[in-house]
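Inspection log for the structure reproduced underneath, given as structure tokens.
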Amino acid sequence: MDKNQIIGIVLMVLLYIGYIWYTTPTEEDRLAAIAAQEQAIEQARLDSVAEVEEAEFQAQLREQPAASDTDSTETLDASLVRRFGGLASAALGEDQTYSLASDGVTATFSSRGGLLSGAELTGYKRYQSEELVRLWKEENHAMTVAFEFNEVAGELNLSDFHFEAEAQRENSIALVSRSTEGQTIRWEHELNGYTLTSNLSFEGFNSSLGDEFVFTWQAEGMPNEKGIDWERQHSSIYYKEVGLGRDYLTDGQSKDLITEEPLEWLAFKQNFFSAIVRNEGNFLPGASLKTVVPEEDSTVTMAYAAALPFEVQRVGTVAASTFEFYLGPNEQNALESLGWEEADRIIDYGWWIFGWVNRNVILPLYNLLATRFASVGIIVLIITLIIKLALSPVTWKNFMSSAKMRVLRPEIDAINAKHEDDPMARQQETMALYRKTGVNPLAGCLPALLQMPILYAMFRFFPSNIDMRGQSFLWADDLGAYDSVLDLPFSIPFYGAHVSGFTFLMAVSTFFYMRLTMANQPPQPQQPGMPNMKVIQQMFPFMMLFFFNKFASGLSLYYLAANVVSMGQMLIIKQFLIDEDKIRERIEENKAKPRKKSSFQERLEQMQKEQAAKTKEIKAKKKKRK
């Protein structure tokens with residue numbers, strides 16, 4: 001080794017030693033870390049003890065004290081007063097549930113807090129089950145209102161208090177919690193269709209009621225569809241802030257957020273169903289939203305949590321607020337009928353023009369066909385045919401452009417061979433040929449771009465349309481979920497443990513469609529550094545097998561049908577509508593016509609000539625140096 005290598009090695013060793021010395025904690029840091037760890041362990045122990053004590057305390061609240069057990073009653077009364085002040089007597093009572101039913105949903109309410117405890121949709125069943133769809137797991141559900149109570153200088157929750165039914169009719173119920181001090185908390189619930197209106201009022205509290213109120217909701221979504229991974233990917237919290245558009249936490253991921261603007265509404269959204277809440281005065285800024293994906297728990301799609309501050313309206317000694325809930329399917333008409341701004345955009349039909357196409361073109365077309373055809377699979381095929389026929393002029397324009405380029409291919413090849421070492425001259429002569437023949441090499445690009453909104457709109461429409469849910473076609477038992485023609489005894493990374501028949505056929509049809517398309521394109525010389533199109537042609541269908549295997553089978557059916565129709569259109573156009581001899585004659589006629597150059601073209605040609613001259617001059621200088 002020479003001196004420079006030795007110096008380099010010594011410097012690296014010194015740097016490494018310096019890094020170790022700098023990052024090694026001091027004795028003081030080490031002792032502080034040990035103390036923090038011990039404190040965390042002790043805090044966890046205290047929290048555990050507190051949880052046990054709280055559970056015991058709550059259990060006592062839910063049991064009417066026996067008249068003969070005076071000591072226990074006196075102890076309970078003392079703890080109640082310390083915790084709840086004048087509301088202590090309102091905390092006692094045995095738990096029970098109440099229910100309301102409409103033609104769309106059965107809602108259950110808990111006597112502990114007087115709020116929703118469950119929601120079951122009467123018109124929808126879980127995948128391959130006779131059980132009705134439930135919007136959340138009742139055993140892990142928590143909904144309450146936290147409020148300031150000045151008598152105890154702290155925060156209380158409605159879930160601490162016992163509510164009894166004061167009056168109940170077919171679609172409404174009044175739940176009341178009363179204290180011996182004359183204070184009353186009242187819920188009045190009314191259920192119509194999928195909509196629940198809940199009026200909350202505090203009566204007789206005078207100055208003991210504070211100003212801060214928070215609606216708190218925690219829920220765990222249940223897997224109601226085929227394939228929990230797909231269901232999770234389409235679950236999240238959606239919300240609408242005042243003055244802004246609909247927004248959401250990232251679908252299928254654990255996220256949290258603190259809002260900066262008032263909230264108009266908030267939704268715990270699953271793939272095809274949602275539970276939405278709004279407050280008549282809007283929720284205040286500073287709402288806390290959180291989603292958690294329990295990867296190891298296959299009984300839960302997503303855990304949702306929201307803490308939503310709100311204001312009450314005060315009239316005399318009464319403080320009141322009104323909540324509205326939507327408990328139902330993600331169906332366009334049902335959500336639009338709520339009258340809540342952009343609530344229908346919980347259905348993710350896509351952004352910008354893609355969503356517009358789906359809501360204003362594809363969905364009305366689907367609904368029209370649904371009144372005439374019972375099979376959703378047939379409707380998908382008819383929609384495919386209608387779309388491809390509507391795009392026929394675009395397909396024709398694209399094919400004509402390709403045919404013209406094929407006719408010019410021999411002349412372009414001759415130009416390439418003539419100016420093999422001079423790219424600038426090759427480009428100039430090629431552009432001159434295009435102008436002379438009246439052929440636009442980009443004419444086929446615009447028609448292809450016009451089809452993109454439709455292609456992406458369909459990518460969003462079929463997986464989001466609840467009408468696809470549970471509908472069978474051929475071997476697919478649910479067009480709203482993946483189909484499987486073969487269940488594998490193992491899982492392939494990024495692919496899954498099943499083989500989707502429609503996805504496989506779609507990939508095969510894509511391979512032949514791309515081959516047919518490439519055959520109709522003029523051969524392109526391989527440019528250095530550019531990808532090989534033949535390799536892409538072979539790889540793309542294979543990649544689609546992995547990408548679409550877990551997608552809704554209705555989408556794969558659409559793409560399969562679109563490929564088949566497109567290949568049919570291409571074969572018909574090529575065999576019966578395109579005459580390359582006539583195209584060649586028209587090009588020769590264009591060559592004979594004098595074409596006046598625009599001032600822009602003249603300036604562009606002049607710039608190209610100057611650039612070509614400079615290039616030749618530079619090359620000549622390089623040759624002289626050699």
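Worth knowing before you read on, the calculation uses all heavy atoms, side chains too, and leaves out hydrogens, waters and symmetry mates. Only a predicted model underlies this, so the values are computations on that prediction, with no experimental measurement involved. One-based numbering along the sequence shown.
With a 6.0 Å radius and a threshold of 12 heavy atoms from other residues, nucleotides or ligands, Glu139 has its CD atom above the threshold. Heavy-atom contacts from other residues, nucleotides or ligands closer than 6.0 Å to CD of Glu212 number 12 or fewer. Within 6.0 Å of atom NZ in Lys290, 12 or fewer heavy atoms from other residues, nucleotides or ligands are found, so the atom counts as exposed in its surroundings. Around the CD atom of Gln313, the shell of radius 6.0 Å holds no more than 12 heavy atoms that belong to other residues, nucleotides or ligands. Heavy atoms of other residues, nucleotides or ligands lying less than 6.0 angstrom from CD of Glu311 number 12 at most. Other residues, nucleotides and ligands contribute only 12 or fewer heavy atoms inside 6.0 Å of the OH atom of Tyr248.
Of the charged side-chain nitrogens involved, at least one lies within less than 4.0 Å of a carboxylate oxygen, so that Lys125 and Glu130 count as a salt-bridged pair.
Side-chain contact of Asp348 with Ser464: a donor-acceptor pair under 3.5 Å is absent, judged by distance alone. In this model, no donor atom of one side chain and acceptor atom of the other lie less than 3.5 Å apart for Thr317 and Asn206.
Aromatic ring pairs are classed by plane angle as parallel below 30°, tilted from 30° to 60° and perpendicular above 60°; the pair Trp230 and His234 is tilted. Relative ring orientation between Phe268 and Tyr304 is described as parallel, the plane-to-plane angle staying below 30° on a 0-90° scale split at 30° and 60°.
Counting only distance, with no hydrogens or angles, the side chain of Arg178 and the backbone of Thr184 share no donor-acceptor pair below 3.5 Å. Between the side chain of Ser102 and the main chain of Gly104, a donor-acceptor pair closer than 3.5 Å is present.
Between Glu120 and Glu138, every side-chain heavy-atom pair lies at or beyond the 4.5 Å cut-off. Between Phe551 and Tyr559 there is no side-chain heavy-atom pair separated by less than 4.5 Å.
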Residue pair Tyr482, Asn549: steps toward the side chain to side chain contact (heavy atoms under 4.5 Å, CB included) verdict: CA-CA 7 Å; Tyr482 66 84; Asn549 195 56; over 6 Å; no
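For the ring pair (Phe, Tyr, Trp, His ring centres under 6.0 Å) test, residues two or more places apart in sequence or in another chain that qualify with Phe502 are Trp475.
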